[in-house]
Every structure is written in C-alpha cells, then in structure tokens.
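Reading through the structure tokens given below for one structure.
In the text below, chain A, chain B and the rest are named by the order of the sequence lines, each starting its count at 1.
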Amino acid sequence: MKTGEIISNKLIQGSYFQVDFYAPEICRAARPGHFVHVQIANLTHRILRRPFSICDCSSDGALRVLYKCVGEGTTALSKLQPGTVCDLMGPLGNPFLAPAADEYPILVNGGYGAAATFMLTKESSNGGLMLLGARSASDLLLVNEYEAAGFEVRVATNDGTAGHQGLVTDLLQQVIQQETTRKWRFYACGPEPMLMAVASILQKNHLSGEISLDHLMCCGVGACFACVVKVKADTPEGWRYARSCKEGPVFNSEQLYLEK
Amino acid sequence: MKTGEIISNKLIQGSYFQVDFYAPEICRAARPGHFVHVQIANLTHRILRRPFSICDCSSDGALRVLYKCVGEGTTALSKLQPGTVCDLMGPLGNPFLAPAADEYPILVNGGYGAAATFMLTKESSNGGLMLLGARSASDLLLVNEYEAAGFEVRVATNDGTAGHQGLVTDLLQQVIQQETTRKWRFYACGPEPMLMAVASILQKNHLSGEISLDHLMCCGVGACFACVVKVKADTPEGWRYARSCKEGPVFNSEQLYLEK
Amino acid sequence: MADLTTKLGPVTLKNPVMTASGTFGYGFEYKDYYDLRKLGAVVVKGIAPFPSHGNPTPRVAEVTSGMLNAIGLQGPGVDKFLTGDEYMPFLRASGADVIVNIWGKTIEDYCEVAARLDADCAGITALEINISCPNIKEGGVAFGTDLNLAAKVLSSVRKATSLPLITKLSPNVTNIADFARCAVDCGSDMISLINTITGMAIDIKTRRPKIANLTGGLSGPAIKPIAIRMVYQVAQAVKVPIIGMGGIMNADDAIEFMLAGASAVAVGTAIFADPYAPLKVIDGINDYLEQHNCKSVAEIIGALRLS
Amino acid sequence: MADLTTKLGPVTLKNPVMTASGTFGYGFEYKDYYDLRKLGAVVVKGIAPFPSHGNPTPRVAEVTSGMLNAIGLQGPGVDKFLTGDEYMPFLRASGADVIVNIWGKTIEDYCEVAARLDADCAGITALEINISCPNIKEGGVAFGTDLNLAAKVLSSVRKATSLPLITKLSPNVTNIADFARCAVDCGSDMISLINTITGMAIDIKTRRPKIANLTGGLSGPAIKPIAIRMVYQVAQAVKVPIIGMGGIMNADDAIEFMLAGASAVAVGTAIFADPYAPLKVIDGINDYLEQHNCKSVAEIIGALRLS
Ligand SMILES: Cc1cc2nc3c(=O)[nH]c(=O)nc-3n(C[C@H](O)[C@H](O)[C@H](O)COP(=O)(O)OP(=O)(O)OC[C@H]3O[C@@H](n4cnc5c(N)ncnc54)[C@H](O)[C@@H]3O)c2cc1C
Ligand SMILES: Cc1cc2nc3c(=O)[nH]c(=O)nc-3n(C[C@H](O)[C@H](O)[C@H](O)COP(=O)(O)OP(=O)(O)OC[C@H]3O[C@@H](n4cnc5c(N)ncnc54)[C@H](O)[C@@H]3O)c2cc1C
Ligand SMILES: Cc1cc2nc3c(=O)[nH]c(=O)nc-3n(C[C@H](O)[C@H](O)[C@H](O)COP(=O)(O)O)c2cc1C
Ligand SMILES: Cc1cc2nc3c(=O)[nH]c(=O)nc-3n(C[C@H](O)[C@H](O)[C@H](O)COP(=O)(O)O)c2cc1C
Ligand code: FES
Ligand code: FES
C-alpha cells in the first residue's frame, strides 16, 4: 500500500482545507482528473476510504488535495497533524484527455471542481477559460492560482456576492453563444445536478466535453459496483451502469445517459 | 459529565504510563481505593469506558492514574496529548477503610495494585509496610514513592530480578508468622489469582483485610451487573453476586466467597 | 420548545425517550446524575417472580462498536422489587414514569410477576414483557423465537393484568413482522424492539469464549441498521405504537428510528458511555423538531420519504 | 512457515484465505496489486445466466463499523463471464484458484448457470451457491430463508453439476443450523457463511433511505460477533467444512472464526479498506500457528476450549 505522510494540512477558506501528502510515487503517475483514495486514520468506527481529486503534484513529491469539511471523514481528516502517515491508493480512475495543441480548454466548475481540473492548467499551451460557480464568494476556490497559470476566470455565485448572480451554466450558455473564434475542449467538475445540466447543454449544442463525476465510492478500483452511473449502451434499455471509479470519474459528456 | 484535561501523559517504566488529569472536583472527593471511569476519545469503534484506580490527587486538582498498556484502550490512552479533554466519571466505588490511629497498614500488591493503595500512605499515622509482587524488577511500581512516604517496601519477583524470588504471598506468609508486635490492617490489590490467594491466607489465619478487585466493568455505577463477584450471603447457595463497581471494588476479605 | 408529549396507545409520556431495560438498573443508580423525571420513562431491569443470581462471569465482552452481554437477568425478584429501598419505593418517590420489564422461565412465572405488579401498581406506567432475552435456557429463547409459545405467554399475561402492555421482540427471527402481529393479536398495546442479537466472541490467546455463557446479546451502534430495518418492517405490519431501540447513541440515531416508524425510543448501551445520553437525545430531538418547524413529535413518526 | 494447506472436502487450497464474493470483483481489478495465486481462492462476484443491471443508486451507505450494500448483483452474465477478457479467461491465465459464486431468479436460472460453468469448468475449483442475497426481490430472499425452497434449489443445482458445491447461507433466519443441515442433505460439499444481514439507514436531513433499494445488506466488523456465533452453531450441526466470513479485518478475526469451527475464511468489506487485507490475514495466521507451535491449520479448527 502506498503511504503519504502529511506535510501540511490547513484551512484555506470557508470550510475548505488543503492537505499536502508526501507521495512521490503517486505524483509521478498522476494525470489531471485522477483521484486518490484516502484511509482516514483517526476514525476507527468507519471502514471506507474517502476519494479526493488530485489538485496538484509537485516535482518534490508533494501531492495536494483541497477538501471541504462536509461530514465525519473530512472533519477527522482536517484534524490530522503534519507527520501523520496516511494510507493512500492512487492515482486512480480514468483521467481527463489533455487538450490538443490547437485546443482552447473551457472548464466549467462548481465547488471543489476547481481543484479537480487544476492540473489541466499545466497541459494547455493556449491558456484557457474557467467558469466557476459557487454559493457565495467565499466558496470560490483557486481563482488566483488559475489566473496565475494564464487562465481567464469568470465566476457566478448564487447570492451575487461575486461575478454573475446565478448559475455557472448561465456563463456556459453565454460562452457557447459568444465565443466562436477558437476550437474548444470542455471540461467540467462539480455537484451532480450542475454536471448533468452541463452535459445536457453540451448535448443540445452538439458539443462534447469531459465530465468528472463525484459518486459515492467503496473500492475505488472497479470491483464492487457501488459507484455506478448510467451511460449510453447497446442494451434493451439504451443504457448500462458504468463504474465511475474505473471507467470514470471522467466520462465524455456524450456517453452519459441523461434521465428525462 | 466531569471532564479532565490531560496535564501530562508519559511512559514511566516498562509498559506503565502515568497520566495526570486536571479534575479538581474529583480530587476533592477522592478517597483511597476509589476509581475513575474514563472515556477514551480516540478509539471511536469502542463504546465502553475504562476503569482506573486513582493513584494520587494533588491539592491543585491534578488527578494521577498509573496504567499499563495491555490492549486497545490503554494503548489509545497512551497516545493522547496534553490538552486533550477526557470525559471522566468519578470518584466511583467503595473506598478502603483508612487505618485507625493505632493500626499499622500492611499492603499486599501486585502490578498496578501499588497505585490503587498509594493514597493510603497519606492516611496512616504510623507509616506502614508494602509487600509488592511483580513479574520482574522493571514491573515494580512506586517503590521510591512509598519509601519517601515512610513505608517499608519488601518485594518479590517471579524471575528473581529483585527481592525474594517467588510470590508476594510468600512474603505475606512470612509477615504473618514473624510480625507480632503491632495491630495490623491488611490491604490488597493486584491480579485476581493473587487476591484470591491473599484472601484465602487471611481467612485461614483468622485475619481480615480489604481487597480491591479488578473486574471487567461496564456502567461503573451498579446498574448493569457486568462486574459481579461472589460474596458470602444468606442464600441457599451460600453466596450472591455483588457488583464490584458499587459494593466494591474494595471488599472485606471475609466477605469474599472463595471457590474451592 | 417543541411539544415532546408522546402518546403511546393508553399511555402518555412527557417525551419519547426512555432508558432500555438492563442498562439503567432501577433508576436508583443514576439518581445523583439527574432528576429521573426528565426522562420519558425509566424502564427497569427485568423482574421475575423470584430472585435470580444470573450467569457466571465474565458476563460482558466488548466488540467493535458494541458489546456482548449475558448478564442472565440477575435481579431481586418481584417481592424485594416492590419493597426494597433502592427499587420501586425509591422510584415512586422520585416521581419518574416507570415501566417494569418482566420475565420468567415459564408462562406461570410471567403471569405471576404481572399479577403481583398489577396488584401493587402505584407508580407503574406499563409492563414490558421480555420474551426475547437470549440468555436464559429455560424457555427464554423459545418464547421469543417461536410464534406459538409467544402467543401463549402474551395472551396469558394479558389476562393477568390490566396494566398497559408492551411486548419486547427478539431480533433473532426470520420474520419480525409475524411476531409483532402475534403480539398485537394477543392484546399488546405497544411493541418494543430490538432486544440484543445473539453473538459470540472468542479470546484467541486462551481459545476460550469471552462470555462464560458462550453466547451473549449484541448491543450498541453495530446493530443499529438491523434495528432500523426491523422497526420499519414492524411499522408496516401493525398499527400500535412502537418503541425503537438498538444502538442509539445520540439524537440523530433516535430521529432515524422515529422516521422509520417508532413513536418513542430507548437508549441502552450508550448510557455506559455517557449516563447523560438520554437527556442529550431529548434535547436533540427538540432541536431537530424546531429546526424543521415541527410542532410535535408526531410529525416525524414514520415520516420516511419513499418517493 | 507452518503448513497452510487447507482441505475442504473434495477441494484442497494452498491456504485458508479467500476473498468474499462481491468484494473483489473478478480478481482482474486487483491484478496490479498482487499475484492472485497468493490467495487461497478468488471468489468472484455473483454470476447469473443473464447479464444484469443491478439496483438503482445509491447502492451503498456507510454505517458504524460497517456498510450497507444493495448492489443488486450487477454482472455480465455467464456467457460474457466465460469469454470476456477481464473475467474467466483472465483468471485462468492468472493461475489463481477460482470459486464462482452463482445466483438466479428461479431454480432454472441456478441450474442453467451451474450447468454452463460445469461444461466449461477449466480453472474453476468450486461453485458457491448464493441463496442468501437479500437484494433481489424475485426469489433471492425466499430461497435463503425458506427451508423448502432452499432444498429445492440446492438439490436441483446438485444434479446440474459435478463441481464441488458450497452453499452460502443467509444469516436472516431464526435457526441457521437448520439451513446448514438442509444444504448438506441436498449434497453441498461445504457451507459458507455469513452473507450480509438485512439493514436500513435513513438520512435524517432528507428523510430518505440512504439506499435506493430501501434495505441493504450489512457487512463489516459490526456483524462479526453474529457471524462467529452462526459459524459455531453450524459447526455443531454439520460435519462438512465451513468457510467463515463476516467482518474479518485481520488475522486475529480470521483465527477467531477458525477456533469457532471454520476450516477457511473469506475477507470481504476489509478489502475496501485495504486491498492487501487477505494477504495480511494469511501471514498473520501463519505467525499465530508458529507462535502456538501448530504444524497445520487443522490444529486450530474448532479448537475453542469450553472447559
Ligand atoms: C472521484 C471523486 C473525487 C472527489 N474529490 C473531492 C475533492 O477534491 N475535494 C472534496 O472536498 N471532495 C471531493 N470528493 C467528495 C468527497 O469524497 C466527499 O466529500 C467525502 O467522501 C465525504 O466524506 P465525509 O466522511 O466527510 O462525509 P460523510 O459523513 O460520509 O457524508 C457527509 C455528507 O456528504 C455526502 N457525501 C458523502 N460522500 C459523498 C460523495 N462522494 N459525493 C457527494 N456527496 C457525498 C453524504 O451523503 C452526506 O450528506 C470527491 C469524490 C469523488 C467520488
Ligand atoms: C476498579 C478497577 C481499577 C483499575 N485500576 C487500574 C489501574 O490503576 N491501572 C491499570 O493499569 N489498570 C487498572 N485496571 C484495569 C484496566 O481497567 C484495564 O487494564 C483496561 O480496562 C484494559 O483496557 P484495554 O482496552 O487496554 O484492554 P482490552 O483491549 O480491553 O483488553 C486487553 C486485555 O486485558 C484484559 N482486560 C480488560 N479489562 C480488564 C480488567 N478490567 N481487568 C483485567 N483484565 C482486563 C482483557 O481481557 C484482555 O485480555 C483497573 C480495573 C478496575 C476494574
Ligand atoms: C447489559 C445489558 C443488560 C440488558 N438487560 C435487559 C433486560 O433485563 N431485559 C430486556 O428486555 N432487555 C435487556 N437488555 C437489552 C436492552 O434493553 C436493549 O434492548 C438492547 O441492548 C439494544 O439497545 P442498545 O443497543 O441501545 O443497548 C440488556 C442490554 C444490555 C446491554
Ligand atoms: C459490496 C458487496 C457486494 C457483495 N456481493 C455479493 C455477491 O455477489 N454474492 C454473494 O454471495 N455475496 C456478496 N456479498 C457478501 C459478501 O461476500 C460477504 O458474505 C459479506 O459481505 C460478509 O463479509 P464481510 O463482512 O467480510 O464483508 C457482497 C458484499 C458486499 C459488501
Ligand atoms: S467504487 Fe467499487 S466499483 Fe467503483
Ligand atoms: S459495571 Fe455495571 S454494575 Fe458494575
């Protein structure tokens, strides 16, 4: 099993924390969209690991995860001190396809989605655009970091405390209508309803994109069928359940079977 | 619920640790032989508390426990850092009867038993004698502290690394045969087989003493009947089950019903 | 404060939180901790017509997120219970609502203890018939896991007392709903569940059972999902009020039971971790009701959403 | 090294540690973790004669010291299992000992899948008949909790194949020993137990069940004491070898099962916490045998001391 000693673990904003693990092996293999499956040591009445997108990997082996405290596992994680050694599985999953040399990446993110796509900034030769949605200004993650990496950032907040008041999908509609000059490649990560809306907009506009889903996971390697999501398939029903840990978490938007 | 912030928690010898809790309320009420029932916070898959004899109480509210790492609970306890707040119930149980002014206390202890009787040193106006048994020299607890408190200490070890090679009950037999000048009061605490041997020696010599038993406990207050021990009683069988958390842990040796 | 008044058939309690039988002694043991009148009811340790030593030791073993016990129903017997200072006289004086858990080795035993309590029922709110204790070899197991025997003992007890009756079900059965229906048919006013699930643990060093009785009853958070399922199944099967228990550690757990169909709950093993757990559950239920704009507990009972 | 060779009736395995069906996929998913030949056997996810979508999501929920699952036996069906790259052809090439867990909605389904595997049995060590999956409405529950139905399906499968047969029992019954005897009477060579225990969990915020299927099977350390008890009961009732499972997290747990009477064990939910758990269990059993001067695993099977 791979281990990751915690180098630092701190609150960055709102209820978001940033943890850096020393995990050189995982760092070497990690691609944008990959995740790590973390055993949270100080939660002895919980068996299952917690999956987190790899936000960043440094050349000296520091693997960065941004996480939101939403429940027992993430709260326990937030209390782990530097020096604690965690058991990590990874990198896992089907990563994003990097943008081709002539492609302009457009990221559509909500919440921690900004972390899941961050490593794409290193794969784009043309910069890119991130559309970022959140409940409130304080939930907007990594805006400076994306800008520093040469990406344009447009934001939408539900409460209007920053950028457009409304949904990130409003921004996506605008972009699709206005931007025509470049060859796009779409990427999206965020809460499921948002992703399904993104997939639906893309499908309606005969566009395709890469969508990273966040489904409840157990094994993380395709063995248990806990994490499935409906994808189009040649079955009587027109769909099959694909394992989002292995066949995903990144799916092509055209693959996804959207319920009416 | 009473709480106790850990002031210090450190290895003292062998696999014995000493933890000091800041628990002024419990300190004020504690008598020799009392115990505290400790919730071990970092063991979330275990429900039950762990009982520990109160070894010492200082006037500034520091409650001392000496404990041996024998399993999950005590190992988890040994990892708690100063500043951690633990949930404590106590003082609990039926304490030792203090020696009368003209009595000379003779303590017969094994293992952490030396901790359970330590507060008696403050209750004796005539000093006293402790017979202490252990597997090996490194398991002998509090010898200097007892001597500093004006007690004579005689030791027995199974492996002969200190004092008499053999059992502490050998020392007890000797004392009963040799010492005749003073009015004794016996106290004993240690592993169950040793205590039963002590009780049997006392009963045979028509002596009585106070025996502190260490039985598996749940509630600690007499509600669940987990911790029972046979005591003589006016029943058809000649015994009844007494709750050692409430009617004990200290029983008079004459009360105990010894199986043949 | 939301209205926590809880109607359980013929009985009305000030709130829906009780102590589970066997985990709170006779109330007396916790008298210095808090006013027992704060509890919905104090359910006392099982009472038989005779005094009883209970099982040999060790009687308990800790297991992952729970414990095994085979106390074997040690107790003073009904006579001493009705007269001894630390039993019923204390409880009467305390003003607490009291539910007496009863058991026996034969049908006659059950009827005798029920009749004795009926005759001296001041301060007794209801009887809880424990047909489910898995630890007594003489009958106990069979009563709770055999429908015919259950029917016999329950209808006999019904004739022996006019006190409100709660039947406490054993979870060690294939179909819990059958036993609930049987209890209602035999005149029970309420159903309580679950009792402990039979389990076993072995010390691999000594190769001996960790419980002298070989098997013991599993309680604590480990059994909660099973208990929730059974409460739900019973709620679908019968119309009488249900008292849910099994692994309740906090108000969230209690609310889960109520959403599944329990009108009241009992806190058991959690009391060993924290004697104040029942009071915290009461407060937490109140907070939940307020946060969800519910005026009374009735609004959340069976309020599981299925569509 | 102690001798870990394990004789299970007609089958001999290199060690007594398997993966529990449904928790190790088809072995393929863990191929990069270690050599599957290190395992006593790979028990694959349940195979039916037909491909199957399984249940709607959410399919799992974490609970205290365990999890609920209602995967609903998603799978490729026997045809694809026998031919698809990531299924039996991979396992054959891997050299692992393979046990195929089978299920169906009807007796005919069970016989069909057994016969198909019998006809193409290269690399298959035994079949494990899952009569205990609590998630499939059409029959699954009834087979495992009704003695008559169990007898019918087990004796029919016995006729459909000459492969060694393991019957996997459901714990959701009053008397597990009855089902074990039934399985042996119907020609099973081994008994495995326990499958998951039916449970339920409710999200108190949304008031919805945490599992779309409403109920799910409880697995993990929470159920271990129940599983140990049932293995012990079955070991007293039948003479065929027992494969014990339910909450095994480490070698100590596995040894506890063996002392209770299991000749082999399966590691399930623990694999989600640590894919290497089965190998650690193998090593730990070896250490225990060496420390206790046992020459073979046989010396600890059923070695519980009662006096
Ligand atoms: C591939 C993948 C990548 C992820 N990357 C990140 C990341 O980079 N940063 C981050 O903060 N989170 C990420 N998540 C989500 C993260 O795994 C969950 O927030 C975490 O498991 C919650 O654990 P908990 O014990 O704190 O919450 P729990 O106590 O288990 O649950 C708290 C609440 O969160 C819900 N919840 C639990 N797990 C999930 C889940 N997987 N998805 C949605 N809701 C859930 C529960 O239903 C409950 O309402 C990712 C999830 C997946 C599948
Ligand atoms: C009144 C009383 C006072 C005590 N005072 C002290 C003290 O001052 N210092 C001290 O070190 N210990 C004391 N003990 C013993 C202490 O409570 C246990 O060692 C502790 O509970 C073990 O917890 P664990 O989780 O580490 O061990 P577990 O993992 O629970 O068990 C490890 C091993 O210890 C055995 N064990 C567990 N509990 C007990 C017990 N109560 N008695 C005997 N064996 C047990 C188990 O059977 C097992 O073999 C006292 C016990 C009682 C009842
Ligand atoms: C130590 C102990 C003693 C018990 N004694 C009784 C009893 O006398 N009568 C009874 O009906 N149930 C008894 N029970 C069962 C509890 O009342 C309750 O049904 C069970 O423990 C499940 O709840 P819990 O998980 O909250 O403890 C006992 C349980 C424990 C742990
Ligand atoms: C996600 C999951 C899927 C399972 N699928 C199957 C299955 O297909 N067939 C089967 O017989 N048992 C299945 N089981 C039951 C396990 O094989 C095992 O009997 C049970 O989980 C108890 O063991 P454990 O506590 O070690 O997991 C499944 C269990 C889990 C957790
Ligand atoms: S989490 Fe197990 S298959 Fe995806
Ligand atoms: S520990 Fe509960 S009665 Fe003693």
Side-chain angles (χ1 to χ4, degrees), chain C residues 61 63-68 144-146 170-175 197-211 214-218 220-233 247 249 251-260 288 292 300 303-307, chain D residues 61 63-68 144-146 170-175 197-211 214-218 220-233 247 249 251-260 288 292 300 303-307:
Chain C
V63 294
T64 304
S65 294
M67 61 180 280
L68 292 170
T145 56
D146 178 309
S170 167
N172 299 301
V173 297
T174 309
N175 190 334
I197 305 179
T198 309
M200 202 170 133
I202 301 169
D203 183 324
I204 67 164
K205 284 198 208 96
T206 62
R207 301 195 188 169
R208 290 187 194 284
K210 287 193 180 176
I211 299 272
L214 185 56
T215 61
L218 180 62
I223 67 173
K224 193 186 74 169
I226 304 171
I228 297 277
R229 182 259 297 180
M230 289 188 167
V231 164
Y232 178 78
Q233 289 176 325
M249 296 300 284
D252 287 5
D253 295 336
I255 292 160
E256 200 177 341
F257 273 88
M258 297 177 87
L259 293 170
Y288 181 88
H292 291 74
I300 63 169
L304 174 69
R305 290 198 185 128
L306 287 181
S307 55
Chain D
V63 294
T64 304
S65 294
M67 60 179 282
L68 292 170
T145 56
D146 178 310
S170 168
N172 299 301
V173 297
T174 309
N175 190 334
I197 305 179
T198 309
M200 203 170 131
I202 301 170
D203 183 323
I204 68 164
K205 284 199 208 95
T206 62
R207 301 195 186 170
R208 290 186 194 285
K210 287 194 179 175
I211 299 272
L214 186 54
T215 61
L218 180 62
I223 67 173
K224 193 186 74 169
I226 303 171
I228 297 277
R229 182 259 296 181
M230 289 188 167
V231 164
Y232 178 78
Q233 289 176 325
M249 296 301 283
D252 287 4
D253 295 335
I255 292 159
E256 199 177 342
F257 273 88
M258 298 176 87
L259 293 171
Y288 181 88
H292 290 74
I300 63 168
L304 174 67
R305 290 194 187 133
L306 288 182
S307 55

(message) Quick check: do T215(D) and Y232(C) have side-chain heavy atoms less than 4.5 Å from each other?
(response) no
(request) Return the minimal non-hydrogen interatomic distance between S65(C) and T64(D), and the atom names on each side. (result) OG-CG2, 3.2 Å
(request) Examine whether an atom of I204(D) lies under 4.5 Å from a heavy atom of chain C, and if so say whether it belongs to the side chain, the backbone or both; otherwise answer neither. (result) both
(message) Minimum heavy-atom separation for L68(C) and P225(D), please, with both atom names.
(response) CD2-CB, 4.1 Å
(message) Measuring only between side-chain heavy atoms, which start at C-beta, is I226(D) closer than 4.5 Å to I226(C)?
(response) yes
(request) Apply side chain to side chain donor-acceptor pair (under 3.5 Å) to R305(D) and list each qualifying residue two or more places apart in sequence or on a separate chain. (result) none
(message) Heavy-atom cut-off 4.5 Å, strictly under: side chain, backbone, both or neither for V173(D) against chain C?
(response) both
(message) Quick one, M200(C) and L304(D) - any side-chain contact, counting heavy atoms below 4.5 Å?
(response) yes
(message) Counting heavy-atom pairs under 4.5 Å with chain C, which one of G247(D), G220(D), P209(D), P221(D) comes out on top?
(response) P209(D)
(message) Can you tell me how far apart CD1 (I197(C)) and CD1 (I223(D)) are? Round to the nearest 0.5 Å.
(response) 10.5 Å
(message) Rounded at 0.5 Å granularity, tell me how far CD1 in I202(D) sits from CD1 in I255(C).
(response) 11.5 Å
(message) Taking side chain as everything from C-beta outward and backbone as N, CA, C, O, which of these in L214(D) sits under 4.5 Å from a heavy atom of chain C? Side chain, backbone, both or neither.
(response) side chain
(message) Heavy-atom cut-off 4.5 Å, strictly under: side chain, backbone, both or neither for L259(D) against chain C?
(response) both
(request) Can you tell me which residue pairs pass the side-chain hydrogen bond (donor to acceptor under 3.5 Å, both in side chains) test with a partner in residues 200-209 of chain D, sequence neighbours excluded? (result) Y288(C)-R207(D)
